[in-house]
Amino acid sequence: MTTNFACRTRKDGAWLIITPVGYLNDQGGTVMNDVIGAIDLAGITTVLFDFGECTLANSQGIACLLDHCDRFAEEFQLKLVFCRLSPLLREAFSLVGLMEMVSTFGTEQEARSALGHG
Amino acid sequence: MADTSPERQLLEQLRSEKRTLRVNAVVQLAKTAASGEALKALQELADGSDRELSFFAAQAISRIRSRRGDARAEGPEAPPTGSCPAITRTSLLSPRRDEIEPLLSRIRSDPASIPEELQPPAAAFLGRYGSEGDVSFLAHWLGDGQSGLIIPVIEAIEALAPHALMAHFPMLLASNHPIVRIRAIAALRKVDEQEAEAHLSELLASRKSEERIAGLSAAFAFPFPRIREYVLSILGDEQDPEVLHGCETLLASNPEIDTALRILDLIDTVPKPQAARLSAIFKEISVSASAAGLIAGPDAPHEAILKLWRRERLRKFLADLEIQIAVASPTRREAIEDWLAKNIQTPDVAAFVEKLALNPATEDVYRRLADFLPHAASLQPVKPETAPSKLPEPEKLDLLGRLDATTWEKHAPWVRDEARFGSPATRALAFRCLMKLSRDAEDLPLAESALQQDEPAVQLAAFILLEARSPDRLVPRLSDLLALPDPKIRGKAVRFALKWDERKAVESIEKMLRSTDKTLRAQAVSCLILVPFEKIRNILLRALEAEDHPAIARRLIVVLLTNPSKELLERLDKIQASSNPGVTMLIAQARMDMFDTLLRLGIDMQQPAAPAPKREEASPEAAPPEKPQTAVDQPMQREIPKPYAVSEVRQAIRNRQAELRAQQKPPDAKNAEREGLAGLVRRVPVPLVAALAVILLALLPILLPRSTEPRVPETSRKASSKTGRGQDERRAEEKVDRLTGIPTEFRMGRPCKLTGRVLKTIDKKTFLFESETRQYRCVAPASLPMLLDGEQIVVEMLPYRTLPNGAIAAEVMKVTAGKQ
């Protein structure tokens with residue numbers, strides 16, 4: 001099934017910036033799996049998820065995101081950062097314990113100022 | 001000293017920006033005022049151009065004069081025609097005895113000829129002197145769009161033939177005039193108190209402050225114990241000074257020690273600015289409780305209640321605090337921690353903080369507060385002394401981190417010893433080494449044993465080991481694992497359980513959800529959010545219907561809001577009150593949020609307000625329900641809803657909002673929507689349409705050609721701010737600062753962030769400020785940094801009153817330098 005969900009990624013030094021765009025549902029989760037699975041994490045120390053263009057994530061989308069965060073943290077010991085979270089995403093992520101795994105900031109710039117540019 | 005008499009307050013309310021408040025003040029003055037000053041103020045309104053207010057004011061004047069025994073003041077109105085008195089506002093509102101019959105005859109002979117401006121007093125006149133036969137033409141006037149006419153007509157029909165209102169309740173309860181709605185609620189209360197309360201809770205949960213104010217004025221007629229719960233649930237977030245004043249009046253009018261104690265509970269769990277607002281209300285209620293003889297003694301009333309609270313309520317409050325910490329937002333959590341730190345010398349609080357260490361969900365709070373504990377040194381956790389290696393801890397961790405296949409055999413026995421007897425950190429790392437490097441079956445019972453202990457990091461590592469090497473061993477323990485307080489292990493357990501046996505996993509979680517232990521229920525919701533939504537929709541709705549703890553109800557609502565659909569909203573509509581009015585309010589707000597989300601997705605939300613009952617298609621649940629179905633399971637097998645039921649009236653209001661929104665859209669957008677999304681909605685499942693529409697909205701800023709000044713389209717901006725909102729944001733319909741969430745345009749009675757220049761600095765805390773065309777007199781709670789006249793600044797403020805000189809009085813929250 002096709003979906004209009006998109007997942008943009010870019011590397012900036014030791015930072016990997018992932019920008020989900022649209023409704024992160026089960027199909028969005030599949031797209032995210034494909035995109036993230038293809039990324040070479042060599043040299044990456046910090047993964048930043050920018051949710052500015054994704055204000056809604058359903059149960060399966062959240063489960064998928066949790067899988068990725070688990071993998072980043074446990075297998076690769078990467079630092080995880082979320083920014084531009086809508087209040088509902090913040091609440092939903094808190095429910096599943098995601099907020100305890102990540103640092104959150106208002107914007108990417110704020111995250112970089114606080115954590116160093118990498 | 002300022003005159004704070006009730007009449008003075010009502011006279012001040014006459015100058016409020018909120019119409020509902022002005023009307024309410026007029027009505028109250030009619031009941032209580034007797035002064036010349038009140039008459040003068042009301043006369044100004046009666047002579048004003050606002051026809052509705054003019055009528056209410058004239059009616060009030062008539063009542064006050066009658067009470068004072070004043071002679072009827074003839075206005076500049078039409079002279080009598082022949083022997084019949086002229087139909088004038090004065091004659092209708094204060095008829096002489098000999099005028100009553102001729103006036104009745106004239107009105108009845110040709111009601112259509114009554115001039116529009118005289119219809120309201122004519123309705124009031126008929127209500128007092130008419131008969132049931134007059135109701136038929138009075139009912140025609142109910143269709144009028146003006147509240148000034150509808151109110152006296154409702155009152156007249158209620159006086160003459162109350163049953164005749166039944167047919168009109170749906171329209172009246174859906175009115176866009178708050179005062180009409182509250183008058184209809186008052187009338188409905190005499191017929192069906194439960195439905196009337198449901199309508200009242202909708203008003204109180206509204207994001208429009210005028211509707212909340214109206215709800216508060218109607219609330220006086222309902223049993224106070226129920227109303228108190230609604231009001232207390234408003235107070236946590238309410239910032240509108242006039243709504244707060246309404247809450248204060250309601251609570252202080254029904255003084256109860258328990259109310260004051262609960263406000264104290266609330267004060268200590270909200271951010272400081274809100275705590276200050278609530279403190280003022282607390283003091284008012286304390287004074288009121290003292291006046292009612294509920295407290296006595298040498299202390300000031302509020303001091304006496306504070307003592308009582310410290311003594312009797314602390315333990316109960318602390319018990320609930322543990323769950324609040326686990327689910328609180330960061331700001332709220334910070335406020336709770338501040339409070340704990342401040343009170344940690346109290347033995348009960350110290351014991352509570354120590355207890356937090358035992359719960360992984362609250363352990364971090366304990367760690368931050370441990371140093372403040374009395375005898376902190378003696379409370380440091382005792383490290384096990386049984387580690388076989390003599391290496392210090394950091395070196396052990398370092399060695400464990402460096403182990404690989406080549407060094408494994410040499411260190412394997414030591415690693416197993418560490419996994420068994422080490423400190424939590426070394427045990428966790430030892431299990432990770434075992435998972436990575438060992439294939440020995442001996443590891444498995446070791447990991448099983450670790451799973452049953454209470455150190456989350458160790459449990460997590462043991463879980464990962466078993467999941468990778470012997471998942472069968474996890475299965476018998478899944479129920480226990482799903483109930484663990486640590487969200488990371490719980491999350492892993494849920495995902496594992498779903499892969500292993502989805503049906504049993506859902507059953508286990510549902511069982512937790514039915515527990516009487518609220519902590520277990522809260523954890524169950526955290527599990528549910530990871531389960532495919534279609535499998536748990538009914539479970540969630542059932543749980544929400546039964547839930548009486550607001551924090552858990554909010555968790556359930558978050559899961560529902562992340563999976564919005566038209567069908568879900570319909571199901572949510574049918575959920576009727578839980579035992580806790582606070583939860584009822586949350587549900588009402590959730591309905592509004594979901595409706596807004598769907599509306600902004602472009603989904604057609606218009607439908608008949610009272611559809612004929614039909615049988616719903618079988619829902620695609622994983623397993624058939626095993627217990628007798630509740631109303632949530634069988635929405636269409638219920639009785640046909642009453643026409644004035646809150647769900648029916650809500651649909652009428654939604655239709656109006658949907659229509660309004662459709663009218664506000666440019667024609668091109670309407671066509672595109674009709675042919676695009678609406679067509680899709682007809683052909684494909686609603687959730688899929690919702691998903692696509694969110695994506696389209698999110699992509700709008702990219703797809704639209706960019707102007708020189710990047711500008712987010714209105715629909716997109718609102719969609720993004722509305723799909724997920726907190727209580728405060730829900731109430732902000734306007735432009736919102738992206739980072740702070742504060743509206744960037746002026747709104748009376750709401751926080752806003754305005755850019756402008758300093759006109760004049762008055763003192764260290766006060767300055768005059770100009771933004772766009774408005775001037776503000778800004779007062780800060782503490783000294784401000786030095787401001788220069790003419791300086792560009794950004795002010796976060798709470799405007800609360802228009803001053804006589806036209807400037808707006810505002811409370812300053814923050815001042816920052818503006819861009820030059």
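None of the values given here were measured: they were computed from a predicted structure. Residue numbering restarts at 1 for every chain, and letters A, B, ... go by the order of the sequence lines.
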Portion of A/Ala57 that has a non-hydrogen atom of chain B nearer than 4.5 angstrom: backbone
Okay, A/Met99 and chain B: the region with an atom under 4.5 Å from a heavy atom over there is neither
Residue among B/Leu530, B/Leu528, B/Val525, B/Val494 with most heavy-atom pairs under 4.5 Å to chain A: B/Leu530
In terms of relative ring orientation, are A/Phe72 and A/Phe49 parallel, tilted or perpendicular, with 30° and 60° separating the classes? tilted
With a 4.5 angstrom heavy-atom cut-off, could you sort out which part of B/Ile464 is near chain A: side chain, backbone, both or neither? side chain
Looking only at A/Gly97, A/Ala92, A/Cys64, the option with the highest number of non-hydrogen pairs under 4.5 Å against chain B is A/Ala92
Quick one: what part of A/Asp26 sits under 4.5 Å from any heavy atom of chain B, side chain, backbone, both or neither? neither
Passes side chain to side chain contact (heavy atoms under 4.5 Å, CB included), A/Cys83 versus A/Thr107? Steps please. CA-CA 5 Å; A/Cys83 72; A/Thr107 61; 5.6 Å; no
Would you say B/Leu560 and B/Phe533 make side-chain contact, with heavy atoms under 4.5 Å? yes
Give the intermediate values and the outcome of side chain to side chain contact (heavy atoms under 4.5 Å, CB included) for residues A/Arg112 and A/Asp12. CA-CA 11 Å; A/Arg112 285 177 179 277; A/Asp12 187 354; 3.0 Å; yes
Quick one: list whatever passes side-chain hydrogen bond (donor to acceptor under 3.5 Å, both in side chains) with B/Asn563, sequence neighbours left out. A/Ser59
